[in-house]
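Here is the structure we will look at, set down as structure tokens.
Not measured: the values here are computed from a predicted model.
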Amino acid sequence: MGVKGFVEGGIASIIAGCSTHPLDLIKVRMQLQGEASGSGVPSQTVHPALASANHVHVQVAPPVASRAGPIALGVRIVRQEGVVALFSGISATVLRQTLYSTTRMGIYDMLKKKWTDPNTMNMPLGKKIVAGLIAGGIGAAVGNPADVAMVRMQADGRLPPAQRRNYKSVVDAITQMTKNEGVTSLWRGSSLTVNRAMLVTASQLASYDEFKEMILGKGLMNDGLGTHVTASFAAGFVAAVVTNPVDVIKTRVMNMKVEPGAAPTYSGALDCAMKTIKAEGPMALYKGFIPTISRQGPFTIVLFVTLEQVRKLLKDF
């Protein structure tokens, strides 16, 4: 079954996920900036720190404060919540990478070995993309509960203390969601998670292999650290451009609070997209792009550089 591919991919993914977690948290907070509270109130009239899915707290906030950039937002989080807040939800990240990334990396590796031409030892780009789509979809379905928990834990600090969920860990988050909102809440936004994962895996893994093969094929660099870093950064940029709109919608759908007997803020992904565009403009779908590429680039570099090193260590197994 190619167990080694799962182990190698899992180790590399966990290391990459933990090392870039603060950047991911800032990305999530930026994607939630300007989100309406679910009552049709324009985002400019609701202070981000007071926005919640079903409660409206109208308070005019200075534009700069409500539209902080990644650096300013990171500084604000540290000042208001402490340095440890940058690692909120890291237990969920570990679980997510263990479930989602281990699965997608392992399945992609299996399909790659199966579909690679034994004569040329190359795999056509089209097959790489298909392998990525399949691997990403399966991995996302497996890891969605951890993904929901991670988004909520990362977003919790932006709410007033009285409205925070205060999950103690990823296990506590999953337990509370199941108890208070039903087991189906663990797969809230799963269609978005699957779609995003299919896109990110296809664009990230396929483009990494393609860039690496192109660099080596044209003799631009040798098969070493320089090639791995260059190919992985290019792959990270491609993945960020392709997936950012889906990621914004996924973050908002997963983070919404659904009260018993109350209508949810968004009825689905399309509704979330339309409300976001209507209230904040189409470029709102690229909110958090700078931290996304700032996170996706380092994440992809750490992922593939670590993966290549782990492969070397386990080559005899």
Open item on the list: I'd like to check Q296 versus N244 (side-chain heavy atoms, cut-off strictly below 4.5 Å). Are they in contact?
Closed with: no
Open item on the list: Do R252 and K275 have side chains that approach each other closer than 4.5 Å (heavy atoms only, starting at C-beta)?
Closed with: no
Open item on the list: Check this for me: L216, atom CG, are more than 12 non-hydrogen atoms of other residues, nucleotides or ligands nearer than 6.0 Å?
Closed with: yes
With a 3.5 Å cut-off and sequence neighbours excluded, list the donor-acceptor pairs that the side chains of residues 84-96 form with protein atoms.
unit_1: S88; atom_1: OG; unit_2: A85; atom_2: O; d: 2.8
unit_1: S91; atom_1: OG; unit_2: V170; atom_2: N; d: 3.2
unit_1: T93; atom_1: OG1; unit_2: H21; atom_2: ND1; d: 2.8
unit_1: R96; atom_1: NE; unit_2: D147; atom_2: OD1; d: 3.0

Task: Atom pair CD/OG1 of E308 and T227 - distance to nearest 0.5 Å - done: 9.5 Å
Task: Members besides L270 in its Ile/Leu/Val/Met/Phe/Trp/Tyr cluster (side-chain heavy atoms under 4.5 Å) - done: M274
Task: Single-linkage hydrophobic cluster, 4.5 Å side-chain cutoff, Y208 and L125 together - done: no
Open item on the list: Counting only heavy atoms not in D117 (residues, nucleotides, ligands), do more than 12 fall under 6.0 Å from its CG?
Closed with: yes
Kindly list each side-chain donor-acceptor pair under 3.5 angstrom involving residues 228-242, sequence neighbours excluded, with atom names and distances?
unit_1: H228; atom_1: ND1; unit_2: G224; atom_2: O; d: 3.2
unit_1: H228; atom_1: NE2; unit_2: D223; atom_2: OD1; d: 2.9
unit_1: T230; atom_1: OG1; unit_2: G226; atom_2: O; d: 2.8
unit_1: S232; atom_1: OG; unit_2: H228; atom_2: O; d: 2.7
unit_1: S232; atom_1: OG; unit_2: V229; atom_2: O; d: 3.0

For residues 6-19, run the donor-acceptor check on the side chains, cut-off 3.5 Å, and write out each pair with its distance to 0.1 Å, sequence neighbours left out.
unit_1: S13; atom_1: OG; unit_2: G9; atom_2: O; d: 2.7
unit_1: S19; atom_1: OG; unit_2: I15; atom_2: O; d: 3.0
unit_1: S19; atom_1: OG; unit_2: A16; atom_2: O; d: 3.0

Open item on the list: Between K4 and L314 (side chain of the first, backbone of the second, donor and acceptor by atom type, cut-off under 3.5 Å), is there such a pair?
Closed with: yes
TODO: Please check if the side chain of N144 supplies one atom and the backbone of A140 the other of a donor-acceptor pair under 3.5 Å.
DONE: no
Open item on the list: Can you confirm whether R79 sits close enough to V75 that some side-chain heavy atom of one is under 4.5 Å from a side-chain heavy atom of the other?
Closed with: yes
TODO: For K127, enumerate each residue passing the side chain to side chain donor-acceptor pair (under 3.5 Å) test, keeping only those at least two apart in sequence or located in another chain.
DONE: none
TODO: Compare all side-chain heavy atoms of T178 with those of T175 and state whether any distance is below 4.5 angstrom.
DONE: no
- [ ] Kindly work out whether a path of hydrophobic side-chain contacts (I/L/V/M/F/W/Y, heavy atoms less than 4.5 Å apart) joins Y167 to L186.
- [x] yes
Open item on the list: Could you measure the distance from the CG atom of L23 to the CD1 atom of I290? Nearest 0.5 Å is fine.
Closed with: 12.5 Å
Open item on the list: Go through it in stages, so that I can follow the logic: the residues are K112 and M123, the test is side-chain contact (heavy atoms from CB on, under 4.5 Å), and I'd like the CA-CA distance, side-chain angles, deciding distance and then a yes or no.
Closed with: CA-CA 7 Å; K112 182 179 175 181; M123 182 176 169; 3.7 Å; yes
Open item on the list: Could you report the tightest heavy-atom contact between C272 and V253, atom names first, then the distance?
Closed with: CB-CG2, 3.9 Å
Open item on the list: For V200 versus S203, what's the shortest heavy-atom pair and its separation?
Closed with: O-OG, 3.3 Å
Open item on the list: Could you tell me if the side chain of M105 sits less than 4.5 Å from the side chain of D109, heavy atoms only?
Closed with: no
- [ ] Is it possible for you to say whether L307 and L205 belong to one hydrophobic cluster, with membership spreading through side-chain heavy-atom contacts below 4.5 Å?
- [x] yes
- [ ] Output, in order, the C-alpha distance, side-chain angles, deciding distance and verdict of side-chain hydrogen bond (donor to acceptor under 3.5 Å, both in side chains) for E280 and T276.
- [x] CA-CA 6 Å; E280 304 166 58; T276 298; 4.7 Å; no
- [ ] Quick one: pull up CG in L199 and CG in L133 and give me the separation to the nearest 0.5 Å.
- [x] 7.0 Å
Task: Shortest non-hydrogen separation from I249 to A273 and the atoms involved - done: CD1-CB, 3.5 Å
Task: Residue pair M177 / R152, side-chain heavy-atom distance below 4.5 Å - done: yes
- [ ] Name all residues meeting the side chain to side chain donor-acceptor pair (under 3.5 Å) criterion together with E81; count only those two or more places apart in sequence or in a different chain, and write none if there are none.
- [x] R29
Task: Backbone of A141 reached by a side-chain donor or acceptor of W187 within 3.5 Å - done: yes
Task: Salt bridge flag under 4.0 Å for residues E213 and K218 - done: no
Open item on the list: Starting from V28, can I reach F289 by hopping between I/L/V/M/F/W/Y residues whose side chains sit under 4.5 Å apart?
Closed with: no
TODO: Would you check, one step at a time, whether the test side-chain contact (heavy atoms from CB on, under 4.5 Å) holds for L313 with Q309?
DONE: CA-CA 6 Å; L313 290 174; Q309 297 306 310; 5.6 Å; no
Open item on the list: What I want to find out is whether D209 reaches K212 closely enough, with some N-O distance under 4.0 Å, to be called a salt bridge.
Closed with: no
TODO: Working to the nearest 0.5 Å, report the span between CD1 of I138 and OH of Y100.
DONE: 12.5 Å
Task: pair L25-I77: side-chain heavy atoms closer than 4.5 Å - done: yes
Task: Spacing of CZ belonging to F211 relative to CG belonging to L220, to within rounding of 0.5 Å - done: 12.5 Å
- [ ] Would you confirm whether D156, through its side chain, and R164, through its main-chain N or O, come within 3.5 Å as a donor-acceptor pair?
- [x] no
TODO: Starting at OG of S169, measure out to CE of M153 and round the result to the nearest 0.5 Å.
DONE: 6.5 Å
Task: Flag, side chain of D247 to backbone of R196, donor-acceptor distance under 3.5 Å - done: no
Open item on the list: Would you say that K128 contacts Y108 through its side chain, given a criterion of any heavy-atom pair below 4.5 Å between the two side chains?
Closed with: yes
Task: Intermediate values then yes/no, side-chain hydrogen bond (donor to acceptor under 3.5 Å, both in side chains), R104 and Q204 - done: CA-CA 11 Å; R104 73 176 182 126; Q204 188 184 64; 2.9 Å; yes
Task: Shared hydrophobic cluster, V302 / F299 (ILVMFWY, side-chain heavy atoms < 4.5 Å) - done: no
